[in-house]
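Below is one structure, written out as structure tokens; the observations come after it.
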Amino acid sequence: MREVLAQAAFQLFLERGFERTTVDDIVARAGVGRRSFFRYFPSKEDVVFPDHERCLAEMTEFLAAVGDEDPVGAVCDAARIVLRMYAADPEFSVQRYRLTREVPGLRTYELSVVRRYEQTLAGHLRGRFGTDRDGELRAEVIAASVVAAHNNGLRLWLRSGGAGDPEEAVDHALDLVRGVWEQPAGPSPAREKPALPATAGASGVTAGSGENEVIVMVAAKGTPMWRVVQQIEAAVGEG
């Protein structure tokens with residue numbers, strides 16, 4: 001019944017547009033009552049994404065069953081579950097992609113769905129290294145990276161009209177994520193800070209000699225212009 005309702009809805013969306021199609025129109029096309037519609041879909045927006053609840057449940061089940069040895073690889077593999085869902089019905093997936101580009105409300109709804117996937121991935125990662133240094137932060141950033149990489153490859157395929165192999169672009173993007181984040185967390189590299197002048201006035205630094213000598217002036221914020229000029233003259237005079 002979910003599939004029948006979704007097909008009826010998309011036929012109407014393509015014929016009349018999303019905004020001009022009502023729930024009554026959908027159930028009339030599907031040959032069922034309103035109660036049947038709301039038994040499967042809370043709203044008209046939900047019928048555009050009929051498979052995401054099942055996909056999210058499958059992702060959650062998959063992550064619960066994997067081991068702890070490769071958490072980044074596990075969330076990358078979990079993202080591929082979403083890709084396979086889209087690839088299973090290219091025509092429907094392309095139609096949905098085009099529809100969400102045209103209807104702002106559907107785009108907002110889609111972003112909320114994507115966020116649920118991201119939170120599921122982040123929850124798995126927090127359970128694997130949440131006690132490590134910056135573990136919570138790593139979990140959130142890696143999950144966001146995986147979702148962004150997956151969506152980048154997926155949308156390339158959708159924009160092509162569903163031509164070719166969708167896994168190629170997604171695999172390439174996820175490999176980049178793994179290359180960055182599968183390294184163990186280490187101490188943050190120390191950043192050298194530029195030396196500041198010892199006084200609040202202006203100071204000069206010289207390099208080279210003779211005609212090739214370069215003079216660089218450094219002045220603290222608020223130094224009077226007359227003092228800057230004075231120090232420049234003094235440095236030039238020293239040359």
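All values below come from the heavy atoms of this structure, side chains included, with hydrogens, waters and symmetry mates left out.
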> Can you tell me how far CD1 of Ile142 sits from CG of Leu121, rounded to the nearest 0.5 angstrom?
Replying inline: 11.0 Å
> Among Phe92, Tyr97, Tyr117, Tyr109, which residue meets the ring-ring contact (aromatic ring centres under 6.0 Å, His included) test with Phe49?
Replying inline: Tyr109
> Which residue pairs satisfy the salt bridge (charged side-chain N to carboxylate O under 4.0 Å, His left out) criterion with at least one member in residues 38-47, sequence neighbours excluded?
Replying inline: none
>> Hydrophobic cluster membership, with links at side-chain heavy-atom distances under 4.5 Å among I/L/V/M/F/W/Y: are Phe41 and Phe38 in one?
In response: yes
>> Tell me whether Phe37 shares a hydrophobic cluster with Met1, the cluster being built from Ile, Leu, Val, Met, Phe, Trp, Tyr side chains joined at under 4.5 Å.
In response: yes
> Taking only residues two or more places apart in sequence, or in another chain, which ones meet Glu140 in a salt bridge (Lys or Arg N to Asp or Glu O under 4.0 Å)?
Replying inline: Arg126
> What's the shortest heavy-atom distance between Leu125 and Pro71, and which atoms?
Replying inline: CD2-O, 3.7 Å
>> Within a 6.0 Å radius of atom CD on Glu61, are there more than 12 heavy atoms belonging to other residues, nucleotides or ligands?
In response: no
> Which atoms form the tightest heavy-atom contact between Leu174 and Val146, and what is the distance?
Replying inline: CD2-O, 3.9 Å
>> The criterion is salt bridge (Lys or Arg N to Asp or Glu O under 4.0 Å); which residues satisfy it with Asp24, sequence neighbours excluded?
In response: Arg34
> Step by step, would you call Asp51 with Asp89 a side chain to side chain contact (heavy atoms under 4.5 Å, CB included)?
Replying inline: CA-CA 11 Å; Asp51 37 17; Asp89 192 345; over 6 Å; no
> So, do Arg155 and Ser160 sit near enough that their side-chain heavy atoms are less than 4.5 Å apart?
Replying inline: no
> How would you list all residue pairs meeting ring pair (Phe, Tyr, Trp, His ring centres under 6.0 Å) that involve residues 127-178, not counting sequence neighbours?
Replying inline: none
> Stepwise, does the side chain to side chain contact (heavy atoms under 4.5 Å, CB included) test hold for Val47 with Tyr40?
Replying inline: CA-CA 9 Å; Val47 78; Tyr40 294 98; over 6 Å; no
> Is a side-chain donor-acceptor pair under 3.5 Å present for Gln7 with Glu3?
Replying inline: yes
>> Quick check on Gln11: does its CD atom have over 12 non-hydrogen neighbours (other residues, nucleotides or ligands) under 6.0 Å away?
In response: yes
>> Going by salt bridge (charged side-chain N to carboxylate O under 4.0 Å, His left out), name the pairs with one or both residues in residues 12-21, residues two or more places apart or in two chains.
In response: Glu15-Arg29, Arg16-Asp25
> Is the shortest distance from a Lys or Arg side-chain nitrogen in Asp77 or Arg80 to a carboxylate oxygen in the other one below 4.0 Å?
Replying inline: yes
>> Taking the basic N atoms (NZ, or NE/NH1/NH2) and the acidic carboxylate oxygens, is any pair closer than 4.0 Å for Asp70 and Arg128?
In response: no
>> Testing the basics here: between Phe18 and Leu99, what is the closest heavy-atom pair and its distance to 0.1 Å?
In response: CB-CD1, 4.2 Å
> Hey, does Leu176 have a side-chain heavy atom less than 4.5 Å from the side chain of Val180?
Replying inline: no
> Do the non-hydrogen side-chain atoms of Ile26 and Phe13 ever get within less than 4.5 Å of each other?
Replying inline: yes
> Among pairs that include at least one residue of residues 99-116, which meet salt bridge (charged side-chain N to carboxylate O under 4.0 Å, His left out), considering only residues two or more places apart or in two chains?
Replying inline: Glu53-Arg116, Arg101-Glu110, Arg107-Glu110, Arg115-Glu118
> Sub-3.5 Å donor-acceptor pair from the side chain of Ser36 to the main-chain atoms of Val32, do we have one?
Replying inline: no
> Between atom CD of Glu167 and atom CZ of Arg84, what is the distance when rounded to the nearest 0.5 Å?
Replying inline: 7.0 Å
> Shortest non-hydrogen contact from Ser145 to Val177?
Replying inline: O-CG2, 3.7 Å
> Does Leu106 belong to the same Ile/Leu/Val/Met/Phe/Trp/Tyr cluster as Leu14, with side-chain heavy atoms less than 4.5 Å apart forming each link?
Replying inline: no
> Cluster question for you: counting only ILVMFWY and a side-chain heavy-atom cut-off of under 4.5 Å, with indirect links fine, are Val114 and Leu156 together?
Replying inline: no
> What are the two closest heavy atoms between Thr21 and Leu12, and how far apart are they?
Replying inline: OG1-O, 3.4 Å
> Do you know which two heavy atoms are closest between Cys55 and Val82, and how far apart they sit?
Replying inline: SG-CA, 3.7 Å
